[in-house]
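What follows is a single structure, written as structure tokens, with notes after it.
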Amino acid sequence: SGGWILEAAENVGGIEPIESFEVLDLLEQLVNKSLVIVEDTEIGLRYHMLESIRQYAQEELAESGESELIRKRHSLYYLEQSLKSFDALMNLYPPGDWGMKFKPEADNFRSAWAWAVEYDLINALRFASTFSPDWSQVVPLIEIHRFQEKVLALATSSTRFLDLEADEGDQRLFSSALISASVLSFANRLVPVAAKYAEQSAALAGDLGDMPTFVWARSLLSAAASFSGGKEALLKWLDKDYDLVMQYGSDYTKAISLIRWPTFRFYASGQYDQESLAHWEEGMEMMRRSGNQWLQGNALQVAADLSKSRGDLEQAKSLANQVLEIFIDLGDIYAANPARSLLADIARQEGDFHKAADLYRETILVWRDTGRAESGVRTLESLAFTMHGISKDEQGEARQARLAYAIILISAADVVRQRNSLPVNFVDKADYERELAEIQAAVGESAFQSAWQSGQSMDFDQVIIMAREYPN
């Protein structure tokens with residue numbers, strides 16, 4: 001499903017009695033008979049069938065007895081593409097535009113994953129080990145996370161990977177899948193899950209002497225700890241984990257660490273200077289050489305967030321708008337969302353509460369559409385604090401109603417936080433506690449508790465509808 005390119009057809013369909021070089025001629029015959037449609041896209045020719053013809057072709061394939069063979073070859077072909085793209089990413093090989101090429105293949109990847117989960121656990125683990133946050137260009141990251149969870153659960157229940165006598169290659173594969181799942185869990189804001197997978201991967205990689213995976217897992221554990229441990233965890237990363245990544249890591253993990261170094265240093269010690277800028281520039285240059293626009297957009301987002309934290313709002317806005325442009329061009333609405341959220345944060349900080357509210361609502365709708373309730377938590381809270389700002393110009397019942405709405409949003413966000421063991425980040429904690437205390441004081445304890453209980457009973461979809469429809 002989802003159409004295909006010539007290379008895929010040659011690899012999947014080029015079996016006896018058909019040679020791969022004959023596939024193009026056969027496709028052209030089918031196109032001439034209007035049984036296959038060909039389209040000239042920005043990334044080359046793509047073929048597809050009308051749904052009725054596709055269903056008929058599937059029935060004929062099933063009757064031929066070769067359906068499983070073709071599905072296996074289909075899955076193996078897309079696994080090969082995943083492995084190639086992952087190798088290119090880890091080594092930052094140009095060109096880095098694989099995400100754009102994979103975007104039309106989303107349904108093919110889904111089909112390949114499903115077959116591997118059902119029939120070939122080893123290859124399912126190989127798939128699970130190839131994911132990174134820039135897969136958001138292809139399918140929603142929460143969908144990949146669920147696939148990884150399913151594969152890892154199957155592997156965990158098998159003695160093949162965890163037994164003391166297990167094959168070293170199988171153990172390395174399992175460790176690689178764990179570290180990829182940790183990275184994707186972070187991207188999905190599932191911090192406790194990310195820490196669990198990173199800890200498992202670090203233990204296994206350490207036993208195997210797999211230093212690139214071990215140091216990356218250690219680095220992720222420190223990042224996870226910073227959500228609750230704050231500066232101490234970041235100092236540990238700066239003092240130990242960073243040097244290990246730069247010694248043993250892949251080019252990708254080195255570039256990511258260089259980009260993150262100034263942010264971690266600033267939050268740990270308040271320092272930002274030429275050394276900080278030099279680290280970021282070195283990481284950015286590695287990403288530029290790869291030609292990977294997604295990575296460059298992500299690096300600019302990190303810089304934009306740091307600029308806001310340092311109080312340089314104009315630079316933060318400029319960088320955030322660059323990020324939006326990059327990810328909109330890539331067609332990645334998920335990756336564009338943090339920039340939109342940052343622009344909302346800046347508008348709120350500058351007192352433009354109505355603009356901030358509109359931006360937060362746009363952001364929340366994207367989190368909903370990508371199945372990412374966890375990512376929408378902070379946005380719900382920020383929208384609530386924006387409503388608090390608007391309420392300061394209101395009187396009487398209108399003000400009380402708006403504040404009750406704000407409390408419901410915060411409470412509903414708290415439900416998601418509690419369910420996922422997701423604490424308020426130490427960077428946001430003071431602002432969160434101050435806003436909550438001011439709102440509580442403004443409405444009184446009884447009204448606060450009533451609104452809070454209302455929020456506790458709402459599901460995420462109900463909250464999204466409420467957030468979208470409540471007027472500024």
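Nothing fancy with the numbering, it's 1 onward along the sequence.
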Given the rule in the side chain to side chain donor-acceptor pair (under 3.5 Å) test, do D120 and W115 qualify, once you have shown the distances and angles that lead to the verdict? CA-CA 7 Å; D120 192 339; W115 186 90; over 6 Å; no
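- Side-chain N/O atoms of N108 and W4 include no donor and acceptor closer than 3.5 Å.
- Summarising the geometry of L342 relative to A316, their closest heavy-atom pair is CD2-O, 4.3 Å, with the distance given to 0.1 Å.
- Between K317 and D312 there is no salt bridge, since none of the side-chain N atoms of the basic residue sits less than 4.0 Å from a carboxylate O of the acidic one.
- Taking OG of S180 as the start and CG of L178 as the end, the distance is 9.5 Å to the nearest 0.5 Å.
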Using the side-chain contact (heavy atoms from CB on, under 4.5 Å) rule, take V377 and D414 through it: C-alpha gap first, then chi angles, then the decisive distance, then the call. CA-CA 8 Å; V377 166; D414 178 72; over 6 Å; no
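- Rounding to the nearest 0.5 Å gives a distance of 10.5 Å between CZ of F86 and CZ of F131.
- Between the side chains of S290 and Y93, no donor N or O sits under 3.5 Å from an acceptor N or O.
- Applying the side chain to side chain contact (heavy atoms under 4.5 Å, CB included) test between L220 and each of V215, T253, I179 identifies I179 as the sole match.
- In this structure, CE in M466 is found 14.5 Å from CG in D461, a value given to the nearest 0.5 Å.
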Show every donor-acceptor pair shorter than 3.5 Å between a side-chain atom in residues 196-206 and any protein atom, with sequence neighbours excluded, or say none if there are none.
residue: S201; atom: OG; partner: S175; partner atom: O; Å: 3.0
residue: S201; atom: OG; partner: S175; partner atom: OG; Å: 3.2

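- For the residue pair N337 and T363, the shortest heavy atom distance occurs at ND2-O, 2.9 Å.
- Note: W135 and F109 meet the aromatic proximity criterion, with ring centroids under 6.0 Å apart.
- With salt bridges taken as basic N to acidic carboxylate O contacts below 4.0 Å, none links K308 and D305.
- One finds the CG atom of N425 at 13.0 Å from the OH atom of Y432 (value rounded to the nearest 0.5 Å).
- Between Q322 and S318, some side-chain heavy-atom pair lies under the 4.5 Å cut-off.
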What verdict does the side chain to side chain donor-acceptor pair (under 3.5 Å) test give for Q55 and E51, after you've listed the backbone C-alpha separation in whole Å, the side-chain angles of each residue and the deciding distance to 0.1 Å? CA-CA 6 Å; Q55 290 179 0; E51 182 60 25; 3.1 Å; yes
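- Side-chain N or O atoms of R348 include none that pairs as donor or acceptor with a backbone N or O of T386 at under 3.5 Å.
- We find that E381 and R378 are not joined by a salt bridge, their nearest charged nitrogen and carboxylate oxygen being 4.0 Å or further apart.
- With L6 as the partner, the side chain to side chain contact (heavy atoms under 4.5 Å, CB included) test is satisfied by one option alone out of L45, V38, L27: L27.
- Between K72 and E68 there is no salt bridge, since none of the side-chain N atoms of the basic residue sits less than 4.0 Å from a carboxylate O of the acidic one.
- Within 6.0 Å of atom NZ in K101, 12 or fewer heavy atoms from other residues, nucleotides or ligands are found, so the atom counts as exposed in its surroundings.
- The existence of a salt bridge linking E105 and R46 is confirmed by a sub-4.0 Å separation between a basic side-chain nitrogen and an acidic carboxylate oxygen.
- Formation of a donor-acceptor pair under 3.5 Å by the S158 side chain with backbone atoms of L154 is not found in this model.
- Using a distance-only test at 3.5 Å, with no hydrogens or angles considered, no donor-acceptor pair links the side chain of E282 to the main chain of H279.
- The distance from atom CG of L295 to atom CD1 of I259, rounded to the nearest 0.5 Å, is 9.5 Å.
- For S276 and W261, the side-chain atoms include no donor-acceptor pair closer than 3.5 Å.
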Determine, step by step, whether I37 and Y47 satisfy the side-chain contact (heavy atoms from CB on, under 4.5 Å) criterion, reporting the C-alpha distance in whole Å, the side-chain angles of both residues, the deciding distance to 0.1 Å, and the verdict. CA-CA 6 Å; I37 298 169; Y47 300 85; over 6 Å; no
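- Distance check, rounded to the nearest 0.5 Å: CG of L306 to CZ of R260 gives 10.5 Å.
- Between the side chains of D167 and Q171, no donor-acceptor pair is found at a separation under 3.5 Å.
- Here the two rings, on Y78 and W113, have centers that are 6.0 Å apart or farther.
- Listed here is the closest heavy atom pair of Q315 and R310: OE1-NH1, 3.7 Å.
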Residue pair S257, W237: steps toward the side-chain contact (heavy atoms from CB on, under 4.5 Å) verdict: CA-CA 10 Å; S257 297; W237 185 89; 3.9 Å; yes
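- Put simply, the side chain of N420 never gets that close to the backbone of L422: no donor and acceptor are under 3.5 Å apart.
- When ring centroids are compared, W367 and Y334 come within the 6.0 Å threshold.
- There is a side-chain donor-acceptor pair under 3.5 Å between D345 and Y360.
- Taking 4.0 Å as the cut-off between side-chain N and carboxylate O, R110 and E143 count as a salt-bridged pair.
- Annotation: side chain of D97 is not in contact with side chain of Q293 (no heavy-atom distance under 4.5 Å).
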Check the pair T213, Y248 against side-chain contact (heavy atoms from CB on, under 4.5 Å), reporting the backbone distance first and the verdict last. CA-CA 9 Å; T213 303; Y248 296 106; over 6 Å; no
